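To start, the structure under review is shown below, and the notes come after it.
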Amino acid sequence: MTAKKEKFYITTPIFYVNDKAHLGHAYTVIVSDIIARWHRLRGDDVFFLTGTDEHGEKIVKAAEEKREDVKAFVEKLAGTYKSCWKSLNISNDDFIRTTEKRHEDVVFKFIEAMGKNGDLYKGEYEGWYCVPDETFFTDLQLKDGRCPVCGREVQRLKEESYFFRLSKYQNRLLEYYDNNREFLSPNFRSTEIINRVKGGLKDLSITRKSVKWGIPFPIDRRHSIYVWVEALINYLSALGWHSEKEELFWPADVHMVGKEINWFHSVIWPAMLFSAGLEPPKKVFAHGWWTVDGQKMSKSVGNVVDPIAMSGKYSVDALRYFLVREIPLGDDGDFSEKALGLRLNNELAADLGNLAYRVLSIAEKFDGSIGGEPELEASLEMEKIVDDMQALNLSGAIETVWRYIKACNKYVNDKKPWELKGKELSNVLYNLLESLRIISILISPFMPDTSEKLNLQLGVGHGTLKDAKFGTFNGKIKKGEYLFRKIEP
RNA sequence: AGCGAGGUAGGGUAGCCUGGAGUGCCCGCCGGGCUCAUAACCCGGAGAUCGGAGGUUCAAAUCCUCUUCUCGCUACCA
């Protein structure tokens with residue numbers, strides 16, 4: 001073991017504030033939170049960042065529709081994101097907003113560095129322009145040759161724009177992918193990206209003259225920086241340009257993103273960093289999407305799931321647990337209250353909740369001292385859990401924890417502690433109480449509230465990963481309520 | 001069209017990379033045990049020619065080829 005603390009920097013995307021957070025946003029953030037908490041449990045020096053993307057035409061439009069001032073509008077929505085994450089128990093260390101000065105400062109420095117490297121040039125951006133929407137679209141975006149937003153006719157227009165020489169970095173990117181096999185994650189996404197990069201990269205238009213709600217392009221202030229390019233820089237602006245914090249935390253260890261924005265993070269972002277003379281992140285992980293009751297989640301269908309409402313109905317921990325347990329990180333999944341309810345009843349209440357309750361019931365009545373030989377330790381697949389967490393196989397890790405919970409329930413049945421007394425009972429209780437203490441540590445990244453509740457009932461303090469092994473049980477038992485209550489199906 | 005992923009018991013999955021008895025898990029179903037516990041817990045059982053065809057091999061869910069079906073992505077769209 002090294003004495004020096006390892007650093008760990010994880011980010012979520014910054015979310016576009018044209019509407020409040022839905023289940024998809026919550027998923028990204030919850031998953032990242034679990035990983036961040038796990039690294040804190042390991043004793044790492046963790047920096048966990050999330051935030052909001054507040055520039056661009058769409059936001060201006062959304063504000064206009066509500067007849068609100070843009071600044072007030074983004075302020076309000078950024079606030080709803082913050083409070084949403086708070087109520088989902090998200091432990092982010094910082095919250096970056098692209099309208100903050102610290103962001104703008106770093107964006108300027110970043111763009112200047114790219115320019116010094118000769119990677120920016122003036123050109124013409126050509127696309128299909130919808131006048132009423134004031135937006136450019138690509139061929140592919142058009143719907144039957146018309147504007148995908150309003151359905152009206154579009155016209156071919158050219159606009160002066162500055163470009164980033166993305167094409168220059170094709171080989172360097174491919175080399176980086178090759179030397180860093182973990183960078184493109186999950187694994188099945190890597191060939192997808194590599195093949196496309198091999199197919200050739202076009203230079204990227206990174207400024208817009210038409211967009212006023214944005215950060216001015218430092219080289220030519222009549223332009224503003226195109227939102228995507230600007231937004232990516234948030235991961236750096238939260239640390240500060242060439243600051244102590246950057247020194248410590250950059251490069252990011254994990255950028256957690258949805259699969260729809262994988263390209264930006266896996267290709268454009270590292271190329272931008274190469275250009276600015278900075279190291280690329282160590283891993284971009286593209287997770288999947290949730291459908292709801294088998295249908296795509298969309299406003300028009302009216303099935304957008306509100307994570308706050310859901311956590312209110314079933315508890316924050318039940319929601320967090322369901323989202324990571326239901327599907328392997330990276331896969332798509334289907335969300336339904338029925339499926340959530342089943343896991344709540346069968347796993348949270350019946351396996352874990354009941355184990356805690358039955359053990360504590362017996363332990364509370366026992367007045368001897370607790371001690372014995374660790375008999376259950378062999379069932380705890382600690383290495384597998386650690387490996388899975390390292391590989392970001394969160395569902396695998398929690399599943400392994402659950403196997404242990406089941407082994408504990410079996411141990412109760414086999415040992416029949418209600419028939420025992422004295423030394424024998426003390427030994428069985430020692431095994432079960434230590435197991436509960438360890439389980440509480442292991443589930444704490446996933447379900448911080450539940451872990452806390454369990455600790456209180458066991459009368460033990462917070463543990464770290466180092467404490468997740470059999471030792472001496474020093475808790476002061478105080479049985480409380482069920483950890484989880486079943487719900488009516 | 002190109003690229004990618006996937007088709008394993010009624011449903012959902014793991015296993016596939018690094019071939020070795022269909023081996024496992026969850027839900028559901030059937031039977032039993034227990035009574036500390038949230039009608040909870042534990043044990044047992046039924047149920048799959050591992051999408052189809054061919055090939056390699058002593059041996060294929062696993063490797064190769066073809067075929068069929070499903071889904072995703074295709075760059076300035078958060």
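Owing to the predicted nature of the structure, the values given are computational and were not obtained by experimental measurement. Throughout, a chain's letter reflects where its sequence line sits, starting with A, and its residues are numbered from 1.
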### Task
Any chance you could lay out the side chain to side chain contact (heavy atoms under 4.5 Å, CB included) test for A:Leu348 and A:Arg343, step after step, and finish with the verdict?
CA-CA 7 Å; A:Leu348 294 175; A:Arg343 290 205 184 271; 5.9 Å; no
#### Entry: Under the side chain to side chain contact (heavy atoms under 4.5 Å, CB included) test, residues paired with A:Ser185 that sit two or more places apart
A:Lys283, A:Phe285
### Task
Please measure how far the P atom in B:rU68 lies from the corresponding atom in B:rG31, and state the result in whole Å.
46 Å
### Task
Kindly state each residue pair satisfying side-chain hydrogen bond (donor to acceptor under 3.5 Å, both in side chains) with at least one member in residues 361-370 of chain A, sequence neighbours excluded.
A:Ser361-A:Lys479
### Message
OP1 or OP2 of B:rC26 versus the side-chain N and O atoms of A:Lys406: is any pair under 4.0 Å?
### Response
yes
Please enumerate all protein N or O atoms sitting under 3.5 Å from an N or O of nucleotides 43-45 of chain B, with distances to 0.1 Å.
none

### Task
State which of B:rC26, B:rC77, B:rC73 makes the closest approach to the side chain of A:Arg196.
B:rC73
### Query
Mind checking what makes side chain to side chain contact (heavy atoms under 4.5 Å, CB included) contact with A:Arg165, not counting sequence neighbours?
A:Asp119, A:Tyr121, A:Lys168, A:Asp203
### Task
If a protein heavy atom is under 4.0 Å from the base, mark B; if only from the sugar-phosphate, S; if neither, -; do that for nucleotides 4-15 of chain B going 5' to 3'.
SS----------
### Query
Within the structure, does a side-chain N or O atom of A:Tyr226 lie under 4.0 Å from either OP1 or OP2 of B:rA75?
no
### Task
Could you note down all residue pairs passing ring pair (Phe, Tyr, Trp, His ring centres under 6.0 Å) where residues 324-361 of chain A supplies at least one of them, sequence neighbours left out?
A:Phe322-A:Phe335, A:Tyr357-A:Tyr482
### Message
Checking A:Lys209 now: which residues fulfil salt bridge (Lys or Arg N to Asp or Glu O under 4.0 Å) with it, not counting sequence neighbours?
### Response
none
### Query
Which nucleotides of nucleotides 32-37 of chain B have their base under 4.0 Å from a protein heavy atom (B), which only their sugar-phosphate (S), and which neither (-), written as one string 5' to 3'?
-BSSBB
### Task
Output all residues satisfying side chain to side chain contact (heavy atoms under 4.5 Å, CB included) with A:Lys259, sequence neighbours left out; order by chain, then residue number.
A:Arg189, A:Ala286, A:Trp289, A:Asp332
#### Entry: A:Lys406: salt bridge (Lys or Arg N to Asp or Glu O under 4.0 Å) partners, not counting sequence neighbours
A:Asp351
### Query
How would you list, by chain and number, every residue that makes a side chain to side chain contact (heavy atoms under 4.5 Å, CB included) with A:Glu100, sequence neighbours excluded?
A:Ile96, A:Arg97, A:Arg102
#### Entry: For A:Phe217, ring-ring contact (aromatic ring centres under 6.0 Å, His included) partners two or more places apart
A:Tyr162
